[in-house]
Amino acid sequence: MDLFRFTADVSSLSERMTKNSSEEVVDRLDFVRNRLVDLYKRNLVKINHSVMELICAKHLIEFGYSVDVERRLTDILICDVFASKGDGEAIVEIETGFIPPEHALDPTAYYVARIASKISRYSKYANKFVLATTPVSVLPIPDLFRFPVRARRADELKKLKLVCDKYYKDPPIEIDDILNGRLHMIYIIDIDEGKIQEMDVETYFDQLQIASELSTRIMEKF
């Protein structure tokens, strides 16, 4: 653990992103930065993920949100970024594309299940649910999340639950959570520039059709 380096890195990024910002924005981002430093002291976060959380936080703060990171939602769920503004709440889950070694032989199926589980489990705790990733990572979002709840077919729900059940058993993903899961937006994180590009789900699917094809191919195996 290199606390000095971690603190220097997040402080440098924070200062760079708030160079022309208001005092309120600076104060709100300082809260997030200090929280990340405290979490790092307890060995609960790593620098690459923390940098992305800080960039997402700055983006939301610019839109008037108060932001926290690593917020506990339930006994088992902790979200990456939690933002609130008035009566509205937003959750951002960051995906780096990391695949654990134990899934080296089935990375796509595992990743589809992870994306589906995050949408299904986390989205009910906020008015707005966002997946964030870098430009070099592709999110294999299951196709059914493109459609409103009323348009989701029972056979697709059952197939996706089978995929999730293979990787998430404790507790399992409930089919009603898959049915009601909502994905509102994608954040593309430009770490080099410290900026976010927002992309609606339809646009993301249109530009990255391969991601949809990957998730559909996985579901067809079940």
Side-chain angles (χ1 to χ4, degrees), residues 43-53 56 69-81 91-126 129-147 152-189 191 199 201 204-222:
N43 201 29
L44 296 175
V45 296
K46 298 184 183 299
I47 184 60
N48 56 341
H49 199 267
S50 296
V51 162
M52 290 188 277
E53 287 182 333
C56 289
V69 289
E70 302 298 323
R71 169 72 73 91
R72 181 171 293 279
L73 302 174
T74 70
D75 289 344
I76 62 171
L77 286 184
I78 298 175
C79 68
D80 291 333
V81 180
I91 287 174
V92 180
E93 276 296 301
I94 294 168
E95 278 296 334
T96 63
F98 171 75
I99 302 295
E102 57 267 29
H103 296 296
L105 298 182
D106 59 349
T108 304
Y110 168 79
Y111 204 17
V112 168
R114 188 166 78 196
I115 294 295
S117 72
K118 285 195 171 185
I119 297 171
S120 301
R121 282 179 166 165
Y122 287 85
S123 63
K124 61 185 175 183
Y125 293 102
F129 180 72
V130 180
L131 284 174
T133 193
T134 64
V136 298
S137 179
V138 175
L139 299 172
I141 304 166
D143 198 58
L144 69 84
F145 291 115
R146 298 177 67 171
F147 306 107
R152 297 177 184 179
R153 303 201 319 261
D155 61 324
E156 292 181 325
L157 290 166
K158 290 177 181 178
K159 286 181 180 179
L160 188 54
K161 177 164 171 55
L162 287 173
V163 178
C164 291
D165 284 348
K166 181 177 179 179
Y167 300 97
Y168 294 92
K169 297 183 176 68
D170 188 23
I173 309 297
E174 299 297 334
I175 199 162
D176 281 349
D177 288 337
I178 298 174
L179 171 63
N180 295 302
R182 299 164 297 134
L183 176 61
H184 298 92
M185 190 171 293
I186 309 294
Y187 282 176
I188 307 299
I189 309 171
I191 297 175
M199 190 176 293
V201 179
Y204 190 80
F205 268 101
D206 290 343
Q207 292 193 12
L208 295 172
Q209 185 60 33
I210 186 174
S212 176
E213 292 171 356
L214 282 172
S215 62
T216 299
R217 176 165 54 81
I218 290 299
M219 289 172 60
E220 287 174 349
K221 294 180 180 180
F222 286 78

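- In terms of modelled atom types and a separation under 3.5 Å, the side chain of R152 and the main chain of F147 share a donor-acceptor contact.
- The nearest pair of heavy atoms linking F205 to P142 is CZ-O, 3.9 Å.
- The salt bridge (charged side-chain N to carboxylate O under 4.0 Å, His left out) search around R114 returns E95, not counting sequence neighbours.
- Closest of all the heavy-atom pairs between P135 and I188 is CG-CG2, 3.8 Å.
- When atom types are taken as modelled, the side chain of Y187 and the backbone of V92 share no donor-acceptor pair closer than 3.5 angstrom.
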- Please report the C-alpha distance between I186 and I141 in whole Å, then the side-chain angles of each, then the deciding distance to 0.1 Å, and finally whether the side chain to side chain contact (heavy atoms under 4.5 Å, CB included) criterion is met. CA-CA 11 Å; I186 309 294; I141 304 166; 3.8 Å; yes
Just list the side-chain donor-acceptor pairs under 3.5 Å for residues 96-105, sequence neighbours left out, or say none.
unit_1 : atom_1 : unit_2 : atom_2 : d
T96    : OG1    : F98    : N      : 3.3
H103   : ND1    : D106   : OD1    : 3.4

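- For the pair H184 (side chain) and F129 (backbone), a donor-acceptor distance under 3.5 Å is present.
- Ring geometry for Y110 against Y168 counts as parallel: the plane angle stays under 30°, on a 0 to 90° scale with 60° as the upper cut.
- Not a single donor-acceptor pair under 3.5 Å links the side chain of D177 to the backbone N or O of I173.
- Side-chain contact between S123 and L183: absent, with no pair of heavy atoms (C-beta onward) separated by less than 4.5 Å.
- Contact annotation: the side chain of P171 approaches that of I76 to within less than 4.5 Å [non-hydrogen atoms, C-beta and beyond].
- Side chains of D80 and H49 form a contact here, defined as non-hydrogen atoms less than 4.5 Å apart.
- A pairwise comparison of heavy atoms in I78 and E93 identifies O-OE2, 4.0 Å as the closest pair.
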- Please walk me through it: do E70 and L44 pass side chain to side chain contact (heavy atoms under 4.5 Å, CB included)? CA-CA 9 Å; E70 302 298 323; L44 296 175; over 6 Å; no
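- Shown here for C164 and A116, the closest heavy-atom pair between the two residues is SG-CB, 3.8 Å.
- Of all heavy-atom pairs spanning Y204 and T133, the tightest one is OH-CG2, 4.4 Å.
- The backbone N or O of R121 lies less than 3.5 Å from no partner atom in the side chain of K124, so there is not a single donor-acceptor pair.
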